[in-house]
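What you are looking at is a predicted structure, and each value in this text was computed from that prediction instead of being measured.
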Amino acid sequence: MTDVTPETTEEPVAPRMRTIKSFVMRAGRMTEGQQRGLEQGWPRFGLSPQQPLDFAQAFGRDAARTFEIGFGMGHSTLEMAAAAPEQDFVGVEVHKPGVGALLSGLLARNLDNVRVYSCDALEVLRDCIADGSLDRVLLFFPDPWHKSRHHKRRIVQPAFAELVRQKLKPGGVLHMATDWQPYAEHMLEVLNQVPGYRNLAEDGGYVPRPEERPVTKFERRGERLGHGVWDLKFQRVD
């Protein structure tokens, strides 16, 4: 997944929430395939952040809804969508090469259960997604912002957790994964502080890697080097 996360916030969620950027915009050279994916796939799969998202209109049906923040190059998104055609997926990514790669993959695999935003994920979540409308929110391998002075840029903050809780259906799940243990501990601490969530780990810590989360090449390489990965699942209970 991408090592760059969408925007985070330092203040409680509000209609005019002041924000800081927690991602670094890197130009990134587009391959021909990615450019072709954008040109051919965007009219079919692309969504505009200028209006609320009508899931039934966008997908032509009513199905379980997953919202993924920062899908990187889209490999895991493609695998999840292909494995669960009965579910609908909305992915958000700011970097055009990743957007182009996902769109190219959707066209190549003839998948129609994914829609894509190319902008800031928190703005989409706040302005386009109706409260109580999502079954899952995914945040896989966000930038951990290792240095202490940059911790405020981490996307996982109390205001983020509360915003996600508002958008989840009762019983919906926020699923996060990271390969940086201090960030995993930070995630756990933040989510434990926000009312309205229940940790799905039996011991109150981390869950085993869920089968529905694909293992990335980056993750396999990390496992060979002895690096760990921590998964967290928190369910909206009210």
Side-chain angles (χ1 to χ4, degrees), residues 1-3 5-6 45 53 55 58-59 61-93 98-99 101-103 105-106 108-117 121 124-125 129 132-142 155-156 160-161 164-165 167-181 183-184 187-188 191 197-224 227-237:
M1 305 299 291
T2 183
D3 65 349
T5 61
F45 303 110
L53 174 58
F55 280 91
F59 291 95
R61 64 178 182 178
D62 187 13
R65 302 162 181 171
T66 293
F67 186 91
E68 184 178 10
I69 298 172
F71 56 73
M73 299 305 289
H75 302 304
S76 292
T77 311
L78 285 171
E79 293 301 319
M80 291 187 293
E86 76 283 0
Q87 299 179 25
D88 292 333
F89 294 80
V90 174
V92 189
E93 176 59 54
V99 174
L102 176 57
L103 293 173
L106 293 173
R109 301 177 71 161
N110 196 31
L111 296 175
D112 196 40
N113 60 334
V114 179
R115 298 294 182 269
V116 180
Y117 284 99
V124 172
L125 198 59
I129 306 300
S133 65
L134 299 175
D135 294 275
R136 291 191 301 166
V137 173
L138 309 180
L139 179 66
F140 295 159
F141 304 103
I155 187 173
V156 181
F160 165 79
V164 170
R165 191 194 67 81
K167 303 304 177 178
L168 286 169
K169 298 176 181 178
V173 173
L174 168 60
H175 179 190
M176 301 178 290
T178 180
D179 61 344
W180 184 251
Q181 186 173 2
Y183 198 12
M187 291 174 170
L188 189 61
L191 268 294
Y197 278 109
R198 178 171 69 93
N199 190 341
L200 295 183
E202 293 182 359
D203 62 358
Y206 311 104
V207 299
R209 187 189 69 82
E211 291 185 1
E212 71 271 14
R213 180 175 69 75
V215 179
T216 66
K217 292 180 181 179
F218 173 81
E219 187 176 348
R220 290 192 184 96
R221 184 170 65 248
E223 288 176 347
R224 290 196 297 270
H227 299 168
V229 172
W230 292 264
D231 283 86
L232 303 88
K233 281 191 172 185
F234 278 80
Q235 184 178 52
R236 178 180 174 177
V237 294

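Under a cutoff of 6.0 Å and an axis angle of 45°, Arg198 and Phe234 do not form a cation-pi pair. Both tests do not hold together for Arg115 against Phe45: distance to the six-membered ring centre under 6.0 Å, angle to the ring axis within 45°.
To the nearest 0.5 Å, the span separating CD on Glu202 from CG on Leu200 amounts to 10.0 Å. Considering CG of Leu134 and CZ of Arg165, their distance stands at 13.0 Å, rounded to 0.5 Å. Note that CG of Leu78 and CZ of Phe71 are 9.0 Å apart. Values are rounded to the nearest 0.5 Å. Here the CG-CZ distance, from Leu168 to Arg65, works out to 12.5 Å after rounding to the nearest 0.5 Å. Note that OG of Ser76 is 11.5 Å distant from CD of Glu212, once rounded to the nearest 0.5 Å. Distance check, rounded to the nearest 0.5 Å: CD of Gln181 to CG of Leu188 gives 11.0 Å.
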Evaluation steps, side-chain contact (heavy atoms from CB on, under 4.5 Å), between Leu191 and Leu232: CA-CA 10 Å; Leu191 268 294; Leu232 303 88; 6.0 Å; no
Test log, rule side-chain contact (heavy atoms from CB on, under 4.5 Å), inputs Lys167 and Val137: CA-CA 9 Å; Lys167 303 304 177 178; Val137 173; 5.6 Å; no
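Residues Leu174 and Arg136 are not in side-chain contact: their nearest non-hydrogen atoms beyond the backbone lie 4.5 Å or more apart. Within the 4.5 Å cutoff, the side chain of Val229 has heavy atoms near those of the Asp231 side chain. Using a 4.5 Å heavy-atom cutoff, the side chains of Trp230 and Val207 are not in contact. Within the 4.5 Å cutoff, the side chain of Thr178 has no heavy atoms near those of the Phe140 side chain. Side-chain contact between Pro210 and His175 is present, with at least one heavy-atom pair separated by less than 4.5 Å. Side-chain contact between Phe67 and Asp135 is absent, with no heavy-atom pair separated by less than 4.5 Å. Contact of the Phe89 side chain with the Glu68 side chain is not registered, since no non-hydrogen atoms from C-beta on lie closer than 4.5 Å. Two residues are said to be in side-chain contact when any heavy atoms from C-beta on lie closer than 4.5 Å; Tyr117 and Leu125 fail this criterion.
Within a 6.0 Å radius of CD in Glu86, more than 12 heavy atoms belonging to other residues, nucleotides or ligands are found.
Residue Asp88 is tested with Asp62, Asn113, Thr66 for a side chain to side chain contact (heavy atoms under 4.5 Å, CB included); the sole match is Asn113.
Shown here for Asn199 and Gly204, the closest heavy-atom pair between the two residues is ND2-O, 3.0 Å. When all heavy atoms of Ile155 and Pro142 are compared, the pair lying nearest together is CG2-CB, 4.2 Å. Residues Gly74 and Leu102 share a closest heavy-atom pair of O-CD1, 3.8 Å. Taking both residues in full, the closest heavy atoms of Leu111 and Ala81 are given as CD1-CB, 4.2 Å, listed atom of the first, atom of the second, then distance. Nearest approach of Pro85 to Ala82, heavy atoms of both residues: CD-O, 3.6 Å. Here the closest non-hydrogen pair linking Gln235 and Gly171 is NE2-O, 3.1 Å.
Between Arg109 and Asp112 there is no salt bridge, since no side-chain N of the basic residue sits under 4.0 Å from a carboxylate O of the acidic one. Between Arg213 and Glu79 there is no salt bridge, since no side-chain N of the basic residue sits under 4.0 Å from a carboxylate O of the acidic one.
No donor-acceptor distance shorter than 3.5 angstrom exists from the side chain of Tyr197 to the backbone of Val237, with no hydrogens or angles considered.
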